[in-house]
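Within every chain, numbering begins at 1; the chains are lettered A, B, ... in the order of the sequence lines, protein sequences first and strands thereafter. Everything numeric here is computed off the predicted structure, so don't read it as measured data.
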Amino acid sequence: MSVITRFAPSPTGYLHIGGARTALFNYLFARHHGGRYLLRIEDTDHERSTKDAIDAIHDGLNWLGLAGDGEAVSQSSRADRHVEVAQQLLEAGHAYRCYLTPDELTAMREEARATGQKIISPWRDADPQSAPDQPFTVRLKMPLDGSTTIADQVQGDVTVQHATLDDLVMLRGDGSPTYMLAVVVDDHDMGVTHVIRGDDHLNNAFRQMKIIEAMGWPVPVYAHIPLIHGADGAKLSKRHGALSATAYRDMGYMPEAMCNYLLRLGWSHGDDEIINREQAIEWFDLKGIGKSPARFDTDKLTAINSHYIRALPPEDLAALMLDGQDASPSIVKRLVALAPAFAERAHHLGDLPAMARFAASNYLPAVEDDAQALLDADACLRLQKLAQDLPDDDLSPDAFKAFLGQWLEGEGLKMRDIGPCLRAAVTGMKQTPDIILICSSLGMENVKARIAGNCKN
RNA sequence: GACCCGUUCGUCUAGGGGCCUAGGACACUGGCCUUUCACGCCGGCAACACGGGUUCGAAUCCCGUACGGGUCGCCA
């Protein structure tokens with residue numbers, strides 16, 4: 001039997017970090033087994049579902065390379081089918097019409113909570129003839145005693161006494177299906193074999209299993225993964241650090257880095273840290289998932305992001321540095337040459353344009369305040385002398401280094417006497433990659449012009 | 001409150017009875033390299049929640065306590 005997994009977000013907000021990781025695990029598990037990974041939008045609640053949220057979820061998933069196989073299923077479009085199943089259960093005697101009003105229910109709930117007993121609707125075994133002419137919900141009959149054990153692939157065997165399970169509502173008073181019913185029916189109809197989701201659904205699984213059993217359907221394999229917490233250990237919530245996946249894109253994180261980090265959050269393969277998509281597919285298994293909740297650590301995400309930035313091809317890095325700006329072939333060539341040096345210093349993609357600004361055009365760069373301090377009168381004199389002695393032809397980094405070495409010796413100076421101020425004059429900054437590499441790729445004419453332009457005092 | 005789950009360095013984790021005076025990564029930190037920053041390299045700090053068992057031997061197995069999380073909706 002081929003594996004089918006699914007990621008089923010509810011479109012009430014954006015795709016957050018926890019959801020992204022759940023999607024990742026489902027994707028990886030399916031790919032590992034050569035199965036299918038499906039998407040289903042759980043828009044059962046019309047009030048809270050929005051088109052914007054659906055778009056945002058797809059946007060996030062696409063960014064992370066976690067788009068589903070085929071079209072995403074819209075749960076709301078399947079309402080008829082859900083109702084049909086509820087009817088079937090009703091006819092088979094597994095469910096009943098419950099005429100309890102919301103107020104009555106609230107009262108019962110309070111009492112149940114106080115006594116520790118579960119709510120049992122008086123309509124569960126009532127005579128259908130006595131039914132009033134008013135709205136009703138359709139509830140599933142939970143066994144009164146005994147227990148159910150789920151062989152969860154992450155949590156292990158988990159047992160719950162039926163006495164703690166209420167008769168779940170499958171159809172609301174207005175006849176619409178609830179989430180509890182819809183998941184089960186959709187998972188079955190979609191052929192889902194493995195349900196991998198947050199462990200906030202673990203308790204639901206017991207209720208859902210009863211619907212499955214009543215319908216005589218095969219029970220899927222369950223894997224309830226621990227939730228992700230914020231850096232302070234508190235639950236991640238919208239107002240507490242639970243940023244949308246795409247917010248990280250905007251902050252300059254690469255999707256590869258995000259997936260790698262998310263994968264390691266709660267899953268491990270020995271001491272391996274840097275794991276690309278291909279490797280992840282090969283290695284992923286449910287056994288590697290930990291049982292305890294993990295905290296989201298931006299520092300580590302950033303470290304991994306730096307790694308992936310460094311691994312980018314120079315041409316891609318050059319394009320990133322340009323940030324959409326036009327550039328002549330010679331400037332692109334220059335940026336490509338400088339790319340590895342810049343990438344080594346970047347933590348976020350957005351660092352690139354700022355760092356490379358002085359190299360992305362031939363205009364005289366403005367000197368930043370801290371760099372200006374390096375350009376005192378003495379330094380300017382030295383630089384102007386250097387500019388005079390510079391050859392007309394461009395030099396390779398090695399050749400320029402050799403030239404500079406000889407020039408320094410002739411002047412009786414050390415590299416530290418010229419390096420920092422040369423950097424300040426040529427780049428306008430105090431901190432940049434190797435100034436020799438920079439001068440070489442900028443070209444002698446450029447270097448002379450910049451020294452002249454920035455050493456006027 | 002009831003029910004379920006969890007607990008190894010600050011964080012993510014390795015570990016599945018002796019290989020553990022507990023390993024890796026991030027962070028922090030000392031040094032080297034050096035034209036700055038960064039990278040890299042070498043070194044350091046730092047953990048088995050607690051208490052009982054079981055065993056020749058426990059981070060690893062069992063029980064309890066504490067703490068943390070989750071669930072208890074005609075939300076998903």
Side-chain angles (χ1 to χ4, degrees), chain A residues 8-12 42-45 47-49 75 98 100-102 105-106 109 112-119 135-139 150 152 154-156 158-161 163-166 168-180 182-183 198-204 206-207 224 226-227 229 231 233-235 261 264-274 290-304 306 310 340-347 355 371 374 404 414-424 427 429-436 438:
Chain A
S10 61
T12 53
E42 314 232 289
D43 49 359
T44 317
D45 186 348
E47 299 288 299
R48 300 200 299 162
S49 301
Q75 191 160 66
C98 173
L100 245 27
T101 64
L105 218 41
T106 311
R109 221 182 318 273
R113 192 158 181 145
T115 61
Q117 295 295 305
K118 78 164 173 178
I119 298 175
F136 58 85
T137 61
V138 173
R139 289 180 183 270
I150 286 180
D152 194 275
V154 172
Q155 308 291 339
V158 182
T159 302
V160 161
Q161 300 300 318
T164 66
L165 266 22
D166 288 346
L168 80 258
V169 173
M170 297 190 291
L171 255 33
R172 301 188 180 97
D174 65 1
S176 65
T178 61
Y179 157 82
M180 211 61 95
V183 223
D199 72 5
D200 49 341
H201 287 282
L202 180 56
N203 286 282
N204 289 335
F206 292 91
R207 293 172 226 277
H224 289 93
L227 268 18
H229 289 175
K235 187 187 177 184
Y261 175 70
R264 282 289 290 105
L265 206 55
W267 178 86
S268 62
H269 182 270
D271 284 336
D272 294 300
E273 296 285 352
I274 298 297
K291 288 190 180 187
S292 48
R295 299 185 187 203
F296 191 83
D297 180 12
T298 309
D299 281 343
K300 187 146 185 179
L301 204 212
T302 301
I304 292 177
S306 307
R310 275 178 249 152
F342 282 127
E344 199 169 276
R345 293 160 172 77
H347 290 126
M355 289 191 300
L374 296 168
L404 200 58
K414 295 291 186 193
M415 186 61 193
R416 63 171 171 275
D417 300 318
I418 200 75
C421 59
L422 178 59
R423 168 175 294 106
T427 69
M429 296 194 275
K430 198 174 177 183
Q431 292 152 4
T432 73
D434 178 14
I435 189 60
I436 290 171
I438 288 171

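Aromatic stacking is not marked for A:His201 over B:G70, as the cut-offs of 5.5 Å for the centres and 30° for the planes do not both hold.
Note on A:Ser268: only backbone sugar-phosphate atoms sit closer than 4.0 angstrom, heavy atoms only; bases stay farther off. Among the atoms of the strands shown, only primed sugar atoms or phosphate atoms (P, OP1, OP2) are found under 4.0 Å from some heavy atom of A:Lys291. Nucleic acid contact class of A:Glu42 (heavy atoms, under 4.0 Å, all strands): sugar-phosphate only. Using a 4.0 Å heavy-atom distance criterion, A:Thr159 is classed as a sugar-phosphate-only contact. Residue A:Leu171 is classed as having no contact, given no heavy-atom separation below 4.0 Å to the nucleic acid. Residue-level contact check: A:Gln155 touches the backbone only, with heavy atoms under 4.0 Å from sugar-phosphate atoms and none from bases. Among the protein residues, A:Pro226 comes within range of no part of the nucleic acid, since none of its heavy atoms lies under 4.0 Å from any strand. Heavy atoms of A:Ile435 sit under 4.0 angstrom from at least one base atom.
Between A:Tyr261 and A:Phe296, the two ring planes are perpendicular [angle over 60°; tilted spans 30° to 60°].
Closest to the side chain of A:Asn203, from the set B:G10, B:G70, B:G73, is B:G70. Set against B:G6, B:G70, B:C74, the side chain of A:Leu227 has B:G70 as its closest nucleotide. Residue A:Pro420 places its side chain closer to B:U35 than to any other of B:U35, B:A25, B:C37.
In this structure, A:Arg310 does not reach the B:C39 phosphate: none of its side-chain N or O atoms is under 4.0 Å from OP1 or OP2. A:Thr12 has no side-chain polar atom (N or O) that falls below the 4.0 Å cut-off from OP1 or OP2 of B:A76.
Under 3.5 Å, the side chain of A:Asn204 and the base of B:A76 form at least one donor-acceptor pair of N or O atoms. Taking 3.5 Å as the limit, the base of B:G70 and the side chain of A:Asp199 contain no donor-acceptor pair of atoms between them. Residue A:Asp434 places a side-chain atom within donor-acceptor reach of the base of B:U35, judged by atom type and a 3.5 Å distance cut-off alone.
Between A:Glu344 atom CD and B:C39 atom P there is a gap of 8 Å when expressed in whole angstrom units. Spacing between atom CG of A:Asp299 and atom P of B:C26 amounts to 11 Å, rounded to whole angstrom units. The CZ atom of A:Arg295 sits 14 Å away from the P atom of B:U7 (whole-angstrom rounding). Distance A:Tyr179 OH to B:U71 P: 11 Å, rounded to the nearest Å.
A:Arg264 has a carboxylate O that lies under 4.0 Å from a charged side-chain N of A:Glu273, or vice versa, which qualifies the two as a salt bridge.
A heavy-atom distance below 4.5 Å is not found between the side chains of A:His224 and A:Val154.
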